[in-house]
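The basis for the numbers below is simple: all heavy atoms, side chains too, and nothing from hydrogens, waters or symmetry mates. The sequence lines fix the lettering, A, B, ..., with proteins before strands; numbering per chain opens at 1.
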Amino acid sequence: MDYRLSLIFTLPEIILTVSSLILLLVAAFGGVKSARLVTILSVAALFGASAYALEFLTNPSFEFGGDAFYGLYRMDGFGSFAKLLIYFAAIISLMVAPRFFKDSGAYRPEYPVLILFATIGMGMMVSAVDLMTLYIGLELNSLSAYVLASFIRNDIRSSEAGLKYFVLGALASGMLLFGMSLVYGFAGSTSFSVISDTLTGDLSTGPLIGVVLVLAGLAFKISAVPFHMWTPDVYEGAPTPVTAFFASAPKVAAIALTVRVIIDAFGGQTPTWQQIIVFVALASIVLGAVAAIGQQNIKRLLAYSSINNVGFLLIGLAAGTEQGVSAMLFYLVIYLAMTLGSFICVMEMRDADGKPLESLSSLAGLSQTRPGLAAAFAVFMFSLAGIPPLFGFWGKFLVFDAAVAAGMLPLAVIGIAASVIGAFYYIKVVKIIYFDDPAGEIVRTGHKTENGLIALMAIAVSPLGYLAIPLLAPVTATAAQALF
Amino acid sequence: MNQLDFPILSLMMGLPMLAAIICLFVGAKAARWLALVTTLVLFALGIVLWANYDVGGPQWQYVERLELFGTFAWALGIDGISMMLIMLTVFLMPICIGASWESIKDRVGEYMAAFLFMEVLMIGVFAAQDIFLFYILFEAGLIPMYLIIGIWGGTNRIYASYKFFLYTLLGSVVMLIAMLWMVQDAGTSNIPTLLNYDFAPEAQTWLWLAFFASFAVKMPMWPVHTWLPDAHVQAPTAGSVILAGVLLKMGGYGFLRFSIPMFPEASEQFIWLIFALSMVAVIYTSLVALVQQDMKKLIAYSSVAHMAIVTLGLFAFNRQGIEGAIIVMLSHGLVSGALFLCVGVIYDRLHTREIDRYGGLSINMPKYAVLFMLFTMASIGLPGTSGFVGEFLSLVGLYKVNSWVTLVATTGIILGAGYMLYLYRRVAFGELVHEDVKAMPDLSAREMALLAPIAAAVMWMGIYPESFMAPIRGDVGTLVARIDRAAPEGDAHLKMGEAKAATKAHETETGHGESH
């Protein structure tokens, strides 16, 4: 094992680790006034890491990837692609945060540092090919996330969100760890490839429980039904930029991790996990749609929307094919744009004093007071509902195409029919924005950073997004190929 | 590229799209004029399209293809049937804009943008040559229509807009799964290729049902028609016109372009379903129309009945039936659009659609009464109007397949005469009893300009239908040849020798000319 290669392969993580440790010191000595500097440097570090991830993804000499540190970590197209998405989401969450926290007077340099720590954890998650790396990455991300959720210390809802997240997250980690130890016990190794070679044929009860528990722990992390309960509470309580971060980067990381575990480690057990994933996918789609209907808080509504979207993503995984994984990756790109866009729109919802508004009714008649914001909101809602010609449709199109190609017609038909239930609450938001009389609560005009980002995301999910298909499709295909 | 050497279809989609975006940023007056000018330019382009259409030339004309999206292509092209439906669209659009000229006062820019975007999608649906492009444009129509009904609609607009959106969405999503399967099976998403691909008969059954779910809702067929009366009643006048005039035709077009030629065996297999639902629709919705108090609702129900004649004609599997069905589609597009405009004219004056509030309009609004009479007669299917040509041909075609169904369908036409004449009597005849009705002025110049062109088109189609039949003749011939292998046997049991000779005579140009 060549240490030089190992170090090269882990360069994105190394860059982030070194810079986050330095920035932590800057934060500790510089105090609150260094917040702006730390944020800018964090964004720069993320750009640096992205550059290497992009290099690994596109440079033909890294085409076949490579193992680092004796098979604990793997650099490949799949991981690099996921990392790019994660870094992108982290950058956006950093860009919009200062202004949001400024109004509540709570912006501190720890925020960017915690985001960086979480991002390192996520990078490890998506590159893990060993249960140990997986767990360490996951915990690094989760621990940072617990703190981020309760970042506004004097806000009771924020503290509640952090505590809830921590308790339930610990429970899920426990399940995951128990499952991993069972899998390790029966397979004799923590390495994915060994597990995949050992766990073949009909499983006895022990390893079966192990597989199920691992999947349950992962389902918690991606907030799939029936392990979704924490999502609405945490999304509602956490400060909005943090919620935007939770809904985007860790979601991508957890889904990529799940895909890798299922395809790489449990690849020999397709019938075992497939029925679980099919159930989880359909349950997430239906519950994510039905439970959102009664919500009055936009952040809770978006939380259910993310549960709903995870269901659609898992349909691609249920197919279990290269095409399915590639469809998921493409879906994730679109999902990021839609989710980040909608959450930045939520951040724009403020009254005259700058107090954040979260109720759906405060959106009433937004189209007459802030037409641009309203149009962007409507675009995101229609896109999340998967109505063509908006680009959100394409993600659904691809996962259903993969399911049909894999011969899972009933799954595809039920899944797409259930998507109509989801359409109901998305168009309800549009109704509030466009049909109702103005409530006149949202009066502040936006800042140009937020407005620019909203416009960017809205253009990405507009029909113009289809022009990106020839560009993105080969990349997602290459990334998916790395797993098979 | 094509006979014009420039991508006219893309231009016809790009122009209104551009105008729609500009409309969002300009004031009310500018938006109105911009929308009107754009739709008139599109109508002119439509005439160019028709004038240069090579009747008897290749099946697909004005073909464009750009591999823009990797998985599917920006592929456009039209045959005669598509062209006639595009003509209907571009003809009705300026009229819609004109109809909204004074009645829409709020958020005019957004309104005009929604209509122009709608026009892009409608032209695109009829011109799409890639099945996924078709789906995207077909579904996209939900968004502007949802907004049009929801923002500028009547009192119960929110319920109606939800119902419209969810009903049609639920119908369509399963069709997408069927399309995905078809493309994987056939290896292409190109519609002209798929039209000649033979799917396994067992698969056809399922595919047909998936497409049926979508088109039956869009058409709409009984019993999934219930969204239509609500949507019509709540939509602004121009919204109703475009809904009845063009959007409903997408269902018929879908049957014509996908269900029948791609799954002929399944179409034959489910002919009983189509006939049964259509028979119920013709009788039931006509009876429902008879007791309506709301004018728009009455016309909406009459639309369901007319669309049932279209499905009956389409599934007759023969030339008369299909040609008749297409003519009914075109005629209904004009006539129901005009009837909704007529309702809009008096609604603008009195702000009620209740039939009993009117009466005796022929005394103080003679011009209106004449035009309304013409469209009433066209809706009934009086010879000399467009309604007659289509209904007669459809029924002739249907008679060859099943005389009992024809009997029921014809009864529906008599009922149609019943409810339309009853409506006309209550609105136009009798004494002027209400003071406010007495004060209503006759048609303004703007309203005349809206209704007169439709009246002219209705008469033209009724007196010299050959203009409209010539472009579609070849395409219907291709379609009939394609589905001939599955055509059902008629129940008439004519003597074999004579029957064959009669069929042959109809195939030729002269024989066809004599038939009407």
Side-chain angles (χ1 to χ4, degrees), chain A residues 323 330 367-368 371-372 374-375 378-379 381-382 385-390 393-394 396-398 400-424 426-428 430-436 463 465-474 477, chain B residues 17 24-25 67-72 74 106-107 109-110 113-114 117 120-121 124 132-143 146-153 157-159 161-162 164-185 206 210 213:
Chain A
Q323 191 194 356
F330 206 123
S367 63
Q368 291 173 57
V379 164
M381 288 299 127
F382 279 126
I387 309 293
L390 297 164
F393 164 73
W394 192 248
K396 294 200 168 69
F397 176 95
L398 287 175
F400 284 118
D401 196 24
V404 171
M408 310 183 90
L409 276 173
L411 172 70
V413 170
I414 298 172
I416 204 161
S419 76
V420 178
I421 313 173
F424 175 72
Y426 293 120
I427 64 169
K428 192 175 108 182
V430 176
K431 171 230 154 202
I432 293 171
I433 296 176
Y434 273 89
F435 304 172
D436 289 356
Y466 287 90
L467 296 174
I469 296 173
L471 211 69
L472 264 173
Chain B
M17 191 68 237
L24 287 176
F25 296 98
E67 303 289 340
L68 266 188
F69 312 114
T71 316
F72 67 104
W74 178 262
D106 297 333
R107 299 153 94 176
E110 285 163 296
F117 184 50
V120 177
L121 298 174
F132 293 137
L133 184 66
F134 170 85
Y135 182 82
I136 289 174
L137 297 166
F138 184 79
E139 281 289 276
L142 294 183
I143 297 177
Y146 172 72
L147 296 175
I148 288 171
I149 298 175
I151 301 180
W152 297 279
R157 61 186 201 275
I158 291 172
Y159 170 75
S161 59
Y162 275 9
F164 164 77
F165 192 96
L166 296 175
Y167 234 106
T168 30
L169 181 65
L170 183 64
S172 306
V173 287
V174 182
M175 179 169 80
L176 176 66
I177 301 293
M179 285 180 173
L180 292 172
W181 191 90
M182 284 163 67
V183 170
Q184 278 167 11
D185 190 56
W206 295 105

Please examine the side chains of [Y] and [X], heavy atoms only from C-beta on, and report whether any two atoms are closer than 4.5 Å.
{"X": "B:S161", "Y": "A:I427", "result": "no"}
{"X": "A:S367", "Y": "B:R107", "result": "yes"}
{"X": "B:L176", "Y": "A:F393", "result": "yes"}
{"X": "B:Y146", "Y": "A:F382", "result": "yes"}
{"X": "B:L147", "Y": "A:V430", "result": "yes"}
{"X": "B:I158", "Y": "A:D436", "result": "yes"}

Minimum heavy-atom separation for [X] and [Y], please, with both atom names.
{"X": "B:L169", "Y": "A:A423", "result": "CD2-CB, 3.5 Å"}
{"X": "B:G70", "Y": "A:P470", "result": "N-CG, 3.8 Å"}
{"X": "B:V173", "Y": "A:A417", "result": "CG2-CA, 4.3 Å"}

*asked:* Looking at A:P388, is its backbone amide N or carbonyl O close enough to the side chain of B:E139 to form a donor-acceptor pair, meaning the two atoms are under 3.5 Å apart?
replied: no
Please classify the contact between [X] and chain B as side chain, backbone, both or neither, with a heavy-atom cut-off of under 4.5 Å.
{"X": "A:A412", "result": "both"}
{"X": "A:L390", "result": "side chain"}
{"X": "A:Y434", "result": "both"}

*Considering only heavy atoms and a distance below 4.5 Å, find which of A:I469, A:I416, A:L467 pairs most often with chain B.*
A:I416
Most chain A-contacting option - heavy-atom pairs closer than 4.5 Å, from [options]:
{"options": "B:G141, B:A210, B:A140, B:A178", "answer": "B:A140"}
{"options": "B:V183, B:L24, B:L170", "answer": "B:L170"}
{"options": "B:V174, B:I177, B:D106", "answer": "B:I177"}
{"options": "B:T71, B:D185, B:I151, B:L121", "answer": "B:I151"}

*Under the salt bridge (charged side-chain N to carboxylate O under 4.0 Å, His left out) test, which residues partner A:K396, sequence neighbours left out?*
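Testing A:K396 for salt bridge (charged side-chain N to carboxylate O under 4.0 Å, His left out), a comparison that skips the adjacent residues, returns none.
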_B:R157: partners by salt bridge (charged side-chain N to carboxylate O under 4.0 Å, His left out), with sequence neighbours left out_ =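 For B:R157, no residue satisfies salt bridge (charged side-chain N to carboxylate O under 4.0 Å, His left out) once neighbours in sequence are set aside.
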Could you look at [X] and say if it's the side chain, the backbone, both or neither that has a heavy atom under 4.5 Å from chain A?
{"X": "B:F117", "result": "side chain"}
{"X": "B:S172", "result": "neither"}
{"X": "B:F69", "result": "both"}
{"X": "B:E110", "result": "side chain"}

_Taking the ring centre of each residue, are A:F397 and B:Y135 less than 6.0 Å apart?_
no
*Measure from the ring center of B:F72 to the ring center of A:W394 and say whether it is less than 6.0 Å.*
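Yes, the ring of B:F72 comes within the 6.0 Å limit of the ring of A:W394, centre to centre.
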*Look up atom OH in A:Y466 and atom CG in B:L68, then write down how far apart they are to the nearest 0.5 Å.*
13.0 Å
*Between A:I387 and B:F165, is a side chain to side chain contact (heavy atoms under 4.5 Å, CB included) present by the stated rule, with each step listed?*
CA-CA 11 Å; A:I387 309 293; B:F165 192 96; 3.6 Å; yes
